[in-house]
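Here is the structure we will look at.
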Amino acid sequence: QVQLVESGGGLVQTGGSLRLSCVASGRTFGRDTRGWFRQVPGKEREFVAAISWLGGSTSYADSVKRRFTISRDSAKNTVYLQMNSLKSEDTAVYYCATRSGVTPTSRGTDYDYWGQGTQVIVSS
């Protein structure tokens, strides 16, 4: 099984930055995709970004393009989400997920394992 642990969330003012981390332990797929999703209470889960572990190809939601950057450190089995120019609408619980396959898909149902989430609060 794969365990995913997110960290780096917190409280930040509008326009600020945060970097989220997600480290995987246990069994990993090797040729997998790691993704970030977010969710606000009462709202549906929203895709944020994804990255292919081997090829490095990325995919972003339109709402975060040019503000967020997803990256990976294969040696540490860790994926990062650098979030800049944060807005109040970025406030959510951010979840890390992984799936088998190299395509950075945006559908949550494509992912096999999920972390517990880390809270991001953007205040104005």
Legend entry - Exercise: do Arg19 and Asn84 side chains pair donor with acceptor under 3.5 Å: no
Legend entry - Ser100 and Asp32: side chain donor to acceptor below 3.5 Å: no
Inset, instruction - Walk me through it: do Asp73 and Thr78 pass the test side chain to side chain donor-acceptor pair (under 3.5 Å)? - result: CA-CA 5 Å; Asp73 186 333; Thr78 300; over 6 Å; no
Legend entry - Heavy-atom closest contact (Ala92 atom, Val40 atom, distance): CB-CG2, 3.9 Å
Legend entry - Counterpart residues, ring pair (Phe, Tyr, Trp, His ring centres under 6.0 Å), relative to Phe37 (two or more places apart): Phe47, Tyr111, Trp114
Legend entry - Non-hydrogen side-chain atoms of Leu54 and Arg72 separated by less than 4.5 Å: no
Legend entry - Beyond-backbone contact of Arg67 with Lys87, side-chain heavy atoms, under 4.5 angstrom: yes
Inset, instruction - State whether the number of non-hydrogen atoms from other residues, nucleotides or ligands found under 6.0 Å of Gln119 atom CD is greater than 12. - result: yes
Legend entry - Nearest heavy atoms of Ile70 and Val79, plus distance in Å: CG1-CG2, 3.7 Å
Legend entry - Student check: side-chain heavy atoms of Trp36 and Glu6 closer than 4.5 Å: yes
Inset, instruction - Evaluate the side-chain proximity of Met83 to Leu20: yes if any heavy-atom separation is below 4.5 Å, no if none is. - result: yes
Legend entry - Heavy-atom side-chain proximity of Tyr95 to Val48 below 4.5 angstrom: no
Inset, instruction - Compare every heavy atom of Asp90 with every heavy atom of Tyr94, then report the nearest pair and how far apart it is. - result: OH-O, 2.7 Å
Legend entry - All ring pair (Phe, Tyr, Trp, His ring centres under 6.0 Å) counterparts of Tyr80, not counting sequence neighbours: none
Inset, instruction - Can you see which heavy atom on Gly117 is nearest to which on Val93, and at what distance? - result: CA-CG1, 3.9 Å
Legend entry - Minimum heavy-atom distance Pro104-Ile51, with the two atoms named: CB-N, 4.2 Å
Inset, instruction - State which residues pass ring pair (Phe, Tyr, Trp, His ring centres under 6.0 Å) with Trp53; sequence neighbours excluded, sorted by chain then number. - result: none
